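Written out below as structure tokens is the structure these notes cover.
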Number of protein chains: 2
Amino acid sequence: MNETAVKILDVGQELIQTRGFTAMSFQDIASQVGIKKPSVIHHFPSKANLGVALIQRYRDTFASQLDAIRTNPDKNAWDALEFYFSPYLQFAATPEKVCLCGALSGEVTALPEEMRVEVKHFMEDHQKWLETILNNGRKNDELNFNETPARLSRMIFNTLQGTLLVKRSTDDMSQLKDVIKVITHMLK
Amino acid sequence: MNETAVKILDVGQELIQTRGFTAMSFQDIASQVGIKKPSVIHHFPSKANLGVALIQRYRDTFASQLDAIRTNPDKNAWDALEFYFSPYLQFAATPEKVCLCGALSGEVTALPEEMRVEVKHFMEDHQKWLETILNNGRKNDELNFNETPARLSRMIFNTLQGTLLVKRSTDDMSQLKDVIKVITHMLK
DNA sequence: TTAAAACTACCTACCGTATGGTAGGTTGTC
DNA sequence: GACAACCTACCATACGGTAGGTAGTTTTAA
């Protein structure tokens with residue numbers, strides 16, 4: 001992958017996370033990268049193509065990081081959770097930015113089919129990963145909770161995504177920290 | 001308010017909740033109402049104007065219903081919560097539909113300023129209303145929880161909004177029921 | 001070794017379509 | 001005669017995407 005292509009993905013991702021896929025245009029990307037619109041299309045021949053490339057890169061990044069933690073025998077459930085929460089905490093510093101797939105989920109009906117399946121996979125990956133953490137954590141007596149891991153993991157994931165969504169229009173950045181605190185309490 | 005104007009609001013709301021504000025056009029509304037585009041604009045002279053009217057109507061509907069419950073001495077905290085959760089449960093029957101203000105929050109940066117303040121007020125209203133329920137419920141020994149009502153109410157609201165967001169791309173409608181069950185457990 | 005061929009990254013110019021919105025007219029009703 | 005609701009026709013702008021060309025680099029083969 002070429003340097004310009006990477007820059008296009010970076011700018012495109014930032015634009016989707018702040019403004020949304022529909023509201024983002026090839027022209028916007030071109031301006032910020034410093035090239036002309038057709039040059040962007042030269043690298044990614046359609047908006048759907050660009051969108052899919054973006055989500056796949058996002059998924060891959062997460063997947064490799066999460067797997068590294070999960071397979072590391074020195075890390076326990078709390079390490080894994082702390083790692084998992086850290087990107088969400090970072091969003092507290094950028095009021096208008098949300099998770100890429102949260103942003104896309106909000107406009108999923110306006111998305112090309114190829115992108116929808118990618119978004120869906122991202123969601124499922126995350127919920128499964130969290131479920132595994134909860135399951136193992138309880139087996140090892142590190143975590144303590146009553147609900148089934150399946151339900152609880154879905155709820156935690158939804159809560160984090162929802163908090164990103166809501167903090168955007170309330171300008172209340174403390175919610176992220178608070179919510180993670182409450183979740184942490186629920187697992188003790 | 002004229003019959004056609006109401007129809008325009010109805011169709012517009014449905015379109016925002018399923019496709020989003022940016023992706024919705026005057027033309028879409030006109031087609032579904034059965035009139036021509038300029039006639040829609042005759043009733044609502046700009047998209048921002050239509051958007052504001054929509055949110056205000058949505059807020060008013062909720063506010064009056066919620067206040068009716070809150071001020072009714074025959075209703076306790078669990079009645080209020082059940083009532084509060086009911087619209088969310090209805091969303092389980094419409095896979096692509098989310099709360100109007102959740103939808104708008106997802107594209108808040110692409111929204112005209114007048115609409116942003118309305119969305120913000122909606123969020124604040126809901127969080128405050130929930131907070132009051134939690135507060136009174138605990139005072140009357142109906143509800144039982146450890147967190148502060150402010151924090152917990154924000155978390156519950158975010159969780160519900162997040163679940164709407166996520167169910168959209170996962171096609172897993174059972175999440176809404178599950179999440180509400182977990183929340184209910186947290187308050188016992 | 002070197003020149004033709006192929007490829008890459010980028011450009012200008014353009015096209016069809018859709019958008020929000022305007023101008024101005026028609027019809028029917030208080 | 002004023003007004004409301006609706007219409008046709010239009011406008012400027014922005015969009016995703018295409019056509020076709022240029023300059024520079026890389027590959028290939030005599």
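Within every chain, numbering begins at 1; the chains are lettered A, B, ... in the order of the sequence lines, protein sequences first and strands thereafter. Note that this is a predicted model, so its numbers are computed, not measured.
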Round to a whole Å and report the spacing from CG of A:L111 to P of D:dG16. 13 Å
Checking B:S25 against B:D28: is there a side-chain donor and acceptor pair closer than 3.5 Å? yes
Write out a two-atom table: protein N or O, nucleotide N or O from nucleotides 10-17 of chain C, distance below 3.5 Å.
{"residue": "C:dC10", "atom": "OP1", "partner": "A:T4", "partner atom": "OG1", "Å": "3.3"}
{"residue": "C:dC10", "atom": "OP2", "partner": "A:H43", "partner atom": "NE2", "Å": "2.7"}
{"residue": "C:dC11", "atom": "OP2", "partner": "A:K36", "partner atom": "N", "Å": "2.6"}
{"residue": "C:dC11", "atom": "OP2", "partner": "A:S39", "partner atom": "OG", "Å": "2.5"}

For A:T94 and A:K97, indicate whether the former's side chain and the latter's backbone hold a donor-acceptor pair under 3.5 Å. no
Atom CD of B:Q27 and atom P of C:dA18 are separated, to the nearest Å, by 10 Å
Rounded distance (Å) that lies between atom P of D:dC15 and atom CD1 of A:I29: 11 Å
Separation of atom CZ in B:F26 from atom C1' in C:dT22, rounded to whole Å: 12 Å
Tell me whether A:R59 contacts the main-chain N or O of A:D125 through its side chain, where contact means a donor paired with an acceptor under 3.5 Å. no
Would you mind reading off the distance between B:N49 atom CG and C:dG20 atom P, rounded to a whole angstrom? 14 Å
Rounded interatomic separation in angstrom, taking CZ from A:R19 and C1' from D:dC15: 14 Å
Taking A:A103's backbone N and O only, do any of them form a donor-acceptor pair with A:Q17's side chain (distance below 3.5 Å, no angle check)? no
Euclidean distance, atom CZ of residue A:F21 to atom P of D:dC15 [Å, nearest integer]: 13 Å
Can you tell which of A:L160, A:L81, A:I156 makes a side chain to side chain contact (heavy atoms under 4.5 Å, CB included) with A:I180? A:L160
Could you say whether A:P45 or A:A23 is positioned toward the 5' end of DNA chain D, judged by the nucleotide with the nearest heavy atom to each? A:A23
No-hydrogen, no-angle side-chain donor-acceptor test under 3.5 Å, A:Q27 and A:S31: yes
